[in-house]
Each structure stands twice: as C-alpha cells, then as structure tokens.
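As the structure is a computational prediction, the values presented were derived from the model and not from experiment. So that the names make sense, note that chain A is the first sequence line, chain B the second, and so on, each numbered from 1.
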Amino acid sequence: MMSDPQIIEGCAKHDRKAQQELYSRYSGFLLGVCMRYVSDRAEAEDILQESFLKIFFNIKDFSGTGSFIGWLRKIAVNTAITHYHKHLKFRYHIEIEEFVSSETGISSFEEDLFTSDELYKVLNELPAGYRMVFNLYAVEGYKHKEIAEMLGIDTNTSKSQYSRARAVIRDKLEKLRRLKGNYPAAD
Amino acid sequence: MESGIEIIVKEEQDDRALNELFRQKLGGAEVIPSSDAGMILMRKLARREFLRFNPARFNIWYAGGIAAAGAALALILTSGPGDSNEPVSPQESTIISTPASSNDKNPDVPAITDVKADERKRSSDIRKVVIAEKPSVRTESNNEAMSGAERSGTVVSTAEVPSVPEGGVLPGNLSDKSQLQSASGRLDNLIAASATEGCTPFRVQFKNRSLAYDSCMWSFGDGGYSRKRDPEWIFDIEGEYEVMLRVYGKDGKHSFSSIVIRVHPKPVARFEISPEAALIPNDGITFLNYSFNADKYRWDFGDGASSELFEPKHFYKRYGNYNVRLKAYSVYGCSDSLVVQNAFGSGYYVKFPNAFIPNPNGPSGGYYSNRSDEYAYVFHPVHSGVSEYQMKIFSRRGILVFETNDINIGWDGYYKGQLVDAGVYIWKVRGNYINGEQFTLMGDVTLLKNQ
C-alpha cells in the first residue's frame, strides 16, 4: 500500500499507478462532495472527472502543509462552482412547492431519521442557486462574504438565498418525516 | 415579548441543527462512482497529458520543436552568406518560437529591421530640419496651441516641443543631441474619440485630427495598434487605457497625443423564476435575481406591471403568455437586459397526424397505445400534460362522425359500425392542460384505405 505522501509524489511525476491509487482512494469521498452540488448523478460524475484532472495536473502545487483531503475537497467545490456558472439556468428544472412557514414547535432534526440518500435527494431537488449557497455556507462553512465573491453575487443575496434554501429544506424534511410515519402529523 | 425571544432562540437552534445534520451526514459521505467513470477519466487524462508540454516526456511539442529547430538551421545555412550583416540570433529565435509558421514569419524579420532603419534615417533628417527652421516654426506653433480643435494638426514639427508647457517629454534646456534623438512632441488635441467612458465591450471611434501628415500610428493601450487614419476600436476588458496617436510628418518630424479611455464592466442581467411549475393565478411568482455588476433593476412582468425591487414577487391575474424582462443598470449608466419569453409556457402539447389508415377488419373501439397502434389504425394525438379534453370529428358534409372526452380513445374510422368513406375529415379539439392553460385546435385528417 502506498502512503498519501508517496501517492502525491508519484502523481506529481505523472505516474499512472499513483494516479490510479489516488483515484481509488478518494473518488468516493469526492463524488460525495460533488453530489451535493448538482441535481443528478451523471452531472456529479462529470464534475468528479474534471476535478481529478485538475488534481492530477496541479498536485505539485499542493504544499503538503495543510490537510490533503481538505485540498482535494476544495478543488471539487471550486470545480462545482465553475460548473454552476457555466450552466447557470434561467429557469428551474424541478418543482418546488410553495413554501409555507413551518411551525416553530418542531425543534431539532434527529440525525438518524434521515439517510444520506434522502438528504442528497433533498439537496438535488433544490434550485441550483439555493443549493450552491446552502452547501457552501452550511456544509463547507464559508462566510456569506466569501460565498458572494465565489458566486459573483451580492452578500445580501447569499444571505437571503441561504435562508430561503433552509426554509425549503426544512419543509421537505418535515414532509419526509411525516411520510416515514415517525412523527405524528402536526395538528 | 418573552415568547418572541424564545422563538428566535429556537430558530437559531434549528438553524444549527439543520446545518449540523447535513454536515454530519454528507460532509464526509462517500458515493462510489460508476465503474467506467475511472476508465473514462484515465483516458481523458492520457489525452490531456499528451497535449500538454511536459519536460519529463517526449511528446508532440518536442517533436514539433525539433522539427522547427531543424528548419531554422537549414534556413540560416542557405541564406547565410547573403545577409551576413544582419544579426543572426534574433532571427533564429523568432523562428524557433513559432515553429508552425516559420515560413510566414520570415518576411517579417526584414520588415522589422526596415522600420528601424527608417527611424534611424528619419532622426538624421530631423537634425537638418531643426537647425534650419527652428526660429520660424516656433512662432507658428504658438498660434497653434491657442487656436485649438479645428486647426490642430497640420504638420507637427519637433520645434513645437518646447512651446507646449506640460509636454513632459522634453524639458526646455536639453542639449541638441538628446532633443534630436527623441524628436517628438505631445499635443493635446490630435485625438477625437466618440466616447471616453463606457462598458465592455466598448466600441470607440477615434479620429485623427491632424490636417496633413505622412503616416500615423495608433496604440490603444491594450496591446492593439492601427495605422488607419480614423480607426475604430473595441475594448473587451474593463480598465483604464491610454490611447496614443503618433503622427509622422513628411520630413520625419513626429508628434503624439494621448487620451484616456475608461472601460467599466458591463452589468449582466440574470434571473430565475420560482416556482417553475406555477399555477397562475393562484401562485405568487418570485423572481430570483442573479445579476451582477449592477445596482439598479427594472422588472417588466409582461402583464403591464413592473417593479424596481431587487427580487420582486408578483401575482398574475390570469394565465397568459408573458415575456418577463429584467433590465439591470450599473452606476456608470450601462445596462443589460434579459427577457424570458413565454415565461410560464408549460411545454405541454397536443399534436395530430394528418392521415391514417383504419383497420379494414372491423372497429376497434379506438383504444390505442404507442405500441399497439404502430400501423396508425386509430386517429389520435400525441400529447403531454392534458387534463381535460374533447375531440369531435365531422365529415365534409358536417355530420358528427365521432366524439370523445377521453384522450386515450381515438377514432378508429368507423361510424355506426360502418367503415366510412376515404377522404378528408375535420377535427376540433378543446380542453386544458394541467396548469390551467386552455387550448382549442382545429384541423383536417385524410382517411386512407389500403386497396
């Protein structure tokens, strides 16, 4: 088995075996990242491939000081952003139900109630703009100011999109919860 | 009061809980890529590595480089004795750096040296001229500086230099020699531009206002240049550009003038409509604004209403074919607009064929599916999103031969159990799509019979 530094060194020399090793080790994780940023799997795999090409060609720029996995994730996220800009659509492709403000009685979401597949599905169904902002803010942990720069939008847009995304997600999760019968219907 | 605060706290907790949920579940989640994704990637990788310059690898660039170097060497050897006074090394390097077009480039090399030689000659001409004309021209140029726009230009002479105070290039007390070497003078009014400030892509028409001159050279500050008298230039990238015009007189004197062009980024209007499958008039439509480089917006909803909000919400009174327009303005007065035509068009449809051949073996009842009706025994539409539907078919005499309210039933060509005559029949259809949009269609269909 190769260690991470060995793989990095090998990839920097364009060694096929190291490249394959890197792919088999991290493609699952990176596809997991990509899947959050798009509406379907084929699109996610496109971004995954594009990310790996960037990784292979730029691996010599990886300083070795920070976390390698963090570096990989950042490349995937940036690729997803580029992809989003390229395919910015004027219209949504999926239906979002008109959001009705959810009751405040519902507090935290138990983690085990939802599978990752379900959460991916919730994200996949979001409008592209919402999905970008929510992912970057809630999961990746960027600040609204940074997100605004990355997406080329206003800081306030980022904030308002985030809160709307959250509202839509919350609504979807509530529906899912009721569907699963784990929660008595409100009222 | 207290309950209000409580709600806010709760929402914040919720907020965190929701983010936490996604971060925990998906932050490090793995999704296994499909098995051929890795192969496709490796193939792409191999292709790109091949096309990329990589010193560790012998590839197409190396092959090309060696071929070019060989060609250059051959060229030098053959043309060696003829132009021995030309410096060899610059020529060689020009060829090698552009191996693909080494033959095209070759004539350029002497051309460049020609220009240099020209300039050298010119400056020696100037020496004579200056000595001879200096006193008289000086007074002339004083007049000129005052007369301004219309009379600007004429032949610009080196003697003007001292008379233009902020000329910048030559201080007054220069020795004759240095004055001759950079024999040029700045003039303020040689250039007229159609505009000096605008947004990308910014098209500017320049005018050379010199009245008489031998040749001129414009450089636009972005790497572009032109030798036309009145060139037009398009600035694609935002920034500040100093556009310079040099005019050369017949006697080799030259002068220059410059102007600053400011190019701002163009605003870009972008928006999405939410929700996509809106039910009009029930749903309020939200317009999500993704514009950038803009700070003012004007929405035109297509039904006569408009708004200047960043992200307006609009209620349409009834369903219709609306063109929604967003115009985004920047502080520099530039604008961009985006129109989404028929923004609420559904993509739903009902379409009919114009002929069919009934089954001669008896009525079928008109049920069809795409599979069972491959012989086109039944006259029926292809459709999407139809919720209510009525079809009537008339003979040419106006007799109603068929009627249905079920889109899944078409006409099998029989009337009262009898196959009707071949010929043209008229159909009328009306109904509405699931979004409430109504349709009424009419047309004719030719009934054919197999002989």
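No other option in Asp117(A), Asn135(A), Leu119(A), Val33(A) has as many heavy-atom pairs under 4.5 Å with chain B as Leu119(A). Your options are Met35(A), Glu140(A), Glu50(A), and the one with the most heavy-atom pairs under 4.5 Å with chain B is Glu50(A). With chain B as partner, the option from Cys34(A), Ala138(A), Ala44(A) having the largest number of non-hydrogen pairs under 4.5 angstrom is Ala138(A).
Annotation: residues 142-157 of chain A contacts chain B through Gly152(A), Thr157(A) [non-hydrogen atoms, separation under 4.5 Å]. Inspection of non-hydrogen atoms places no residue of residues 293-308 of chain B under 4.5 Å from chain A. At a heavy-atom cut-off of under 4.5 Å, chain B is reached by Tyr23(A), Ser27(A), Gly28(A) from residues 21-28 of chain A, listed in order of number.
Taking the six-membered ring where the residue is Trp, the centroids of Tyr316(B) and Tyr322(B) are separated by under 6.0 Å.
Using a 4.5 Å cut-off between heavy atoms, Phe29(A) contacts chain B through both its backbone and its side chain. The parts of Leu53(A) that come within reach of chain B are both its backbone and its side chain, each placing non-hydrogen atoms under 4.5 angstrom from that chain. For Gln49(A), the parts sitting under 4.5 Å from any heavy atom of chain B are the backbone and the side chain alike.
You'll find the side chain of Val339(B) stays beyond 4.5 Å of the side chain of Val324(B), heavy atoms only. In this structure, Phe271(B) and Ile273(B) have side chains that are in contact, with non-hydrogen atoms separated by less than 4.5 Å. Looking at Phe68(A) and Ile7(A), their side chains never come closer than 4.5 Å, going by heavy atoms from C-beta outward.
For the pair Lys351(B) and Tyr349(B), the cation-pi criterion (under 6.0 Å, within 45° of the ring axis) is fulfilled.
Of the inter-residue distances, the one linking Glu311(B) atom CD with Leu326(B) atom CG reads 10.5 Å to the nearest 0.5 angstrom.
Checked against salt bridge (Lys or Arg N to Asp or Glu O under 4.0 Å), Arg203(B) has the following partners two or more places apart in sequence or in another chain: Glu232(B).
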